[in-house]
J.: 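This structure is in structure tokens; I'll ask about it shortly.
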Amino acid sequence: MKKTMKVIFAVSMILVLAMSLAACKPATPKPSGSPAASTVPSGSPAASTKPSTAPSTAPSTAPSGSPAGSAAPSKAPEKEMYKNATFTFEVPASWMGKYEAKAVEGGYQFIDIANKSTGGVLCTITAIPETTKAPKPDDKILKTAGGKTYILSVPTDVQYGKDAKLKAEYEAMYADIATVISTFALIAK
């Protein structure tokens, strides 16, 4: 009888713990996609959506000496997606929590927050009429659809100050623009 009570108590505690952990899981934010906002910090719902990565609360049934009981579960790297009303892309790892999106005429600028006082612009994504040529030779055409061409342009002047740490941060983020280009997608309307 005493052993049965201990088992019931242990099972009850596990259930309470599992329900508590499930209730603590953050809700996935829904992006607003409103181009009316002039600045969208990288952690805000309009700038990103994060997939749930909450660990499983199910108890393991594998014996402790077996490979299933001793191996740590592999965890896929968390990916953050930038999303607005028109397009989406995977946020590069070096940008996580360090950028903001600013609405500009015809598109959005992506800015390194730490270097904002000296410019900090990493790139700008704009939509131009499909028949228009890209304004600068270094502009990258991302997609053409619906009578518009979406281009990514980068600044031609220095966007960071003299601080070596801030320069290194900006250069790392700038180098990862390739991720923005390779994962850019238009949102179907």
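Here the structure is a predicted model, which means the values were calculated and not measured.
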J.: Within a reach of under 6.0 Å around NZ of K136, are more than 12 heavy atoms found that belong to other residues, nucleotides or ligands?
T.: yes
J.: What pair of heavy atoms forms the shortest contact from I111 to K116, and how long is it?
T.: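 Nearest pair, atom of I111 first, then K116: CG2-CG, 4.2 Å.
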J.: Got V158 and Y170 here, is their nearest side-chain heavy-atom distance under 4.5 Å?
T.: no
J.: Flag the pair F87 / Y150 as yes when their ring centroid distance falls below 6.0 Å, and as no otherwise.
T.: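 Ring centres of Y150 and F87 not closer than 6.0 Å.
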J.: Taking the side chain as C-beta and beyond, is there a heavy-atom pair between V154 and Y174 under 4.5 Å?
T.: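 A side-chain contact exists here, since the closest heavy-atom pair is under 4.5 Å.
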J.: Residues two or more places apart in sequence or in another chain: which of them pass ring pair (Phe, Tyr, Trp, His ring centres under 6.0 Å) with F89?
T.: Y82, F110
J.: With rounding to the nearest 0.5 Å, note down the distance linking OG1 in T131 to NZ in K148.
T.: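 Those atoms lie 12.5 Å apart.
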J.: Please check: side-chain N/O of T183 versus main-chain N/O of E90, any donor-acceptor pairing under 3.5 Å?
T.: yes
J.: Measure from the side-chain N and O atoms of N115 to the backbone N and O of L166, and report whether any donor-acceptor pair falls under 3.5 Å.
T.: yes
J.: Could you walk me through whether V91 and M81 satisfy the side chain to side chain contact (heavy atoms under 4.5 Å, CB included) test, starting with their C-alpha distance in whole Å, then the side-chain angles of each, then the deciding distance to 0.1 Å, before giving a yes or no?
T.: CA-CA 5 Å; V91 175; M81 298 299 290; 5.9 Å; no
J.: What's the shortest heavy-atom distance between L122 and P155, and which atoms?
T.: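 Nearest pair, atom of L122 first, then P155: O-CD, 3.5 Å.
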J.: Taking all non-hydrogen atoms of both residues into account, name the closest pair between N84 and Y108 and its distance.
T.: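 Where N84 meets Y108 most closely, the heavy atoms are ND2-CE1, 3.0 Å.
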J.: One pair to check against side chain to side chain contact (heavy atoms under 4.5 Å, CB included): L152 and V180. What are the steps and the verdict?
T.: CA-CA 9 Å; L152 181 140; V180 174; 3.9 Å; yes
J.: I need the minimum non-hydrogen distance between I113 and E100, along with the two atoms involved.
T.: CG1-N, 3.9 Å
J.: Nearest heavy-atom pair of I181 and K140: which atoms, and what distance?
T.: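 Heavy-atom minimum between the residues: CG2-CE, 3.7 Å.
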J.: From T86 OG1 over to K143 NZ, what is the distance, rounded to the nearest 0.5 angstrom?
T.: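 Rounded to the nearest 0.5 Å, the OG1-NZ separation comes out at 14.5 Å.
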J.: Locate the shortest heavy-atom distance separating C123 from I177; write the atom from each residue and the value.
T.: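 Scanning both residues completely, I find the closest heavy atoms to be CB-CD1, 4.1 Å.
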J.: Could you measure the distance from the NZ atom of K79 to the OG1 atom of T179? Nearest 0.5 Å is fine.
T.: 8.5 Å
